[in-house]
Amino acid sequence: MLRFIGVVESVKEGLSSIRIFDEFAEGLKGLDTFSHLIILYWFHLREGEEGRSVLKVVPRRHPGAPEVGVFASRSPSRPNPIGLSVSELVKIESNILWVKGLDAVEGSPILDIKPYLPRADAFSAAVVPEWMLRGPKT
């Protein structure tokens with residue numbers, strides 16, 4: 001069974017606050033020793049059947065992108081509306097995480113948080129199609 005562990009409370013000028021629910025707060029111990037986090041969240045605005053039945057998209061944030069399968073995109077419309085963002089951890093105040101670069105919106109439920117590990121999570125030789133090089137990071 002899927003359980004949300006928190007919620008995005010605010011997003012202002014690239015800085016976001018994430019409130020972790022009290023019953024999961026102990027899980028934050030040691031997280032402050034990492035500079036970046038992998039944050040998994042739920043695209044709660046795409047929960048309806050219409051958004052979850054999309055299988056082909058034209059990535060809107062990448063000018064000139066062709067139509068691709070949803071699994072070849074970062075579209076929020078997908079069978080399981082799960083988002084992933086690598087964000088810089090600015091600070092932790094009790095059960096509130098302050099992060100930069102989160103691409104979730106206010107109200108997005110948080111599924112999980114993992115520390116970003118450069119030796120495991122970065123691949124300098126990774127290949128992407130030409131159209132993905134235009135537009136925002138995600």
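For the single chain, residues carry numbers from 1 onward in sequence order.
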Heavy-atom nearest pair, Phe24 first then Phe4, reads CE1-O, 3.6 Å
Could you give me the CA-CA distance, side-chain angles and deciding distance for Val8 and Val105, then say whether side chain to side chain contact (heavy atoms under 4.5 Å, CB included) is met?
-> CA-CA 7 Å; Val8 177; Val105 299; over 6 Å; no
Could you state the interatomic distance from CD1 (Ile92) to CG (Leu31), rounded to the nearest 0.5 Å?
-> 4.5 Å
Transitively linked via ILVMFWY side-chain contacts under 4.5 Å: Val68 with Val58?
-> no
Considering residues, nucleotides and ligands other than Glu23, do more than 12 of their heavy atoms fall under 6.0 Å from its CD?
-> yes
Would you check if the side chain of Ser75 reaches a backbone N or O of Ser77 as a donor-acceptor pair within less than 3.5 Å?
-> yes
So which of Leu40, Leu37, Asp121, Val86 actually passes side-chain contact (heavy atoms from CB on, under 4.5 Å) with Lys114?
-> Leu40
Would you call the rings of Tyr41 and Phe43 parallel, tilted or perpendicular, where under 30° means parallel and over 60° means perpendicular?
-> perpendicular
Within-4.5 Å side-chain heavy-atom neighbours: Ser73 and Arg78 | yes
Which atom of Pro81 lies closest to which atom of Arg52, heavy atoms considered = CD-NE, 3.5 Å
Under 4.5 Å between any side-chain heavy atoms of Ser10 and Glu106, yes or no?
-> yes
State whether the side chain of Arg19 and the backbone N or O of Glu9 hold a donor-acceptor pair below 3.5 Å, judged by distance alone.
-> no
First locate atom CG of Leu97, then atom CD1 of Ile20, and finally report the distance between them rounded to the nearest 0.5 Å.
-> 5.0 Å
Do Asp22 and Asn95 have side-chain heavy atoms sitting under 4.5 Å apart?
-> yes
So with a 6.0 Å cut-off around CD of Glu50, is the heavy-atom count from everything else above 12?
-> no
From Asp112, Leu89, Leu102, residue fulfilling side-chain contact (heavy atoms from CB on, under 4.5 Å) relative to Ile39 = Leu102
Heavy-atom side-chain proximity of Val70 to Pro79 below 4.5 angstrom = yes
Examine Ile82 and Val99 and state if one hydrophobic cluster contains both, with Ile, Leu, Val, Met, Phe, Trp and Tyr joined whenever side-chain heavy atoms are less than 4.5 Å apart.
-> yes
Can Val11 be reached from Ile96 by stepping across I, L, V, M, F, W or Y side chains whose heavy atoms are under 4.5 Å apart?
-> no
Closest approach of Asp103 to Leu84 (non-hydrogen atoms, all atoms of both residues) = OD1-O, 4.1 Å
Are Leu2 and Val7 grouped together when hydrophobic residues (ILVMFWY) are joined by side-chain heavy atoms under 4.5 angstrom apart?
-> yes
Heavy atoms of Gly64 and Trp131 approach each other most closely as O-CB, 4.4 Å
Nearest-0.5 Å distance, CE of residue Met132 to CZ of residue Arg61 | 10.5 Å
With sequence neighbours excluded, what pairs up with Leu15 under the side chain to side chain contact (heavy atoms under 4.5 Å, CB included) test?
-> Val90, Trp98, Lys100
Any chance you could measure Ser87, atom OG, to Tyr116, atom OH, to the nearest 0.5 Å?
-> 12.0 Å
Can you find a pair of side-chain heavy atoms, one from Pro59 and one from Arg74, that are under 4.5 Å apart?
-> no
